[in-house]
Amino acid sequence: MTGKAIGILAMIGACTIWGLSPLYYKLLNHLPPLEILAHRTMWSLVFFAGLLTLQGRLRLLAKALATPRMALTLGASGLMIGANWYLFIWAIHAERATEASLGYYIFPL
């Protein structure tokens, strides 16, 4: 399989997951959005730590976090991504999926 085909399949997979994720978060309506975000964060950490370990790249993460500037940059970006996901999960729970999707649509503008 060529790199182009892999890229197209990855794009289709990402769009499918992104498009179906509101259905999943709606099923979790009985849980507070912050708890859902906490689980998403924790399990992502476990998954990607395992992936980096398998690839032998975990020490590169420690090296990147060794400089205060990089640690601050990564921390700030993590907080922004977390806030973005919290608002998305909250919007789904508040039955504002259309407004959330329009927000993502016009964001690049």
Side-chain angles (χ1 to χ4, degrees):
M1 190 176 292
T2 66
K4 185 177 178 180
I6 291 171
I8 290 172
L9 288 175
M11 181 200 62
I12 290 169
C15 290
T16 301
I17 291 169
W18 179 250
L20 294 176
S21 68
L23 298 174
Y24 173 71
Y25 291 125
K26 188 65 175 168
L27 290 174
L28 299 176
N29 208 15
H30 61 283
L31 298 171
L34 192 58
E35 185 176 346
I36 295 169
L37 179 64
H39 274 279
R40 178 179 166 81
T41 304
M42 181 190 69
W43 292 113
S44 294
L45 174 68
V46 169
F47 175 79
F48 284 108
L51 185 64
L52 288 175
T53 301
L54 286 174
Q55 294 175 343
R57 295 172 34 188
L58 193 58
R59 67 180 165 276
L60 294 175
L61 177 62
K63 184 179 175 183
L65 292 174
T67 61
R69 179 180 164 92
M70 185 60 78
L72 185 63
T73 301
L74 290 173
S77 64
L79 285 174
M80 287 188 276
I81 291 169
N84 179 22
W85 270 102
Y86 176 78
L87 288 173
F88 177 72
I89 295 167
W90 175 85
I92 298 303
H93 284 195
E95 298 184 2
R96 301 282 188 224
T98 303
E99 290 88 342
S101 65
L102 288 174
Y104 281 108
Y105 180 72
I106 66 169
F107 178 70
L109 299 177

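Here the CE atom belonging to Met70 is positioned 11.0 Å from the NZ atom belonging to Lys63, to the nearest 0.5 angstrom. Atom OG in Ser21 sits 9.0 Å away from atom CD1 in Ile89 (nearest 0.5 Å). For the atom pair CG of Leu87 and CG of Asn84, the computed distance is 7.0 Å after rounding to the nearest 0.5 Å. Distance OG1/Thr41 to CD1/Ile81: 10.0 Å, rounded to 0.5 Å. Interatomic distance, OG1 of Thr67 versus CG of Leu74, reported as 8.0 Å (0.5 Å rounding). Ile6 CD1 to Met11 CE: the interatomic distance, rounded to the nearest 0.5 Å, is 14.0 Å.
A centroid separation of less than 6.0 Å is found between the aromatic rings of Tyr104 and Trp18.
The minimum heavy-atom distance linking Tyr86 with Leu37 is given by the pair CB-CD2, 3.7 Å. Leu58 and Ala49 get closest at one heavy-atom pair: CD1-O, 4.3 Å. Residue Thr98 comes nearest to Ser101 through the heavy atom pair O-OG, 2.8 Å, listed as atom of the first residue, atom of the second, then distance. When all heavy atoms of Lys26 and Ile92 are compared, the closest pair comes out as N-CG2, 3.8 Å.
Residue pairs meeting the salt bridge (charged side-chain N to carboxylate O under 4.0 Å, His left out) criterion with at least one member in residues 36-46: none, sequence neighbours excluded.
Using a 4.5 Å heavy-atom threshold, the side chains of Thr16 and Ile12 count as touching. Trp85 places a side-chain heavy atom less than 4.5 Å from the side chain of Tyr25. Counting heavy atoms from C-beta on, the side chains of Pro22 and Phe88 come closer than 4.5 Å. The closest side-chain heavy-atom distance from Ile36 to His93 is below 4.5 Å. Residues Leu9 and Met1 form a side-chain contact, since some pair of their non-hydrogen atoms from C-beta on lies under 4.5 Å apart.
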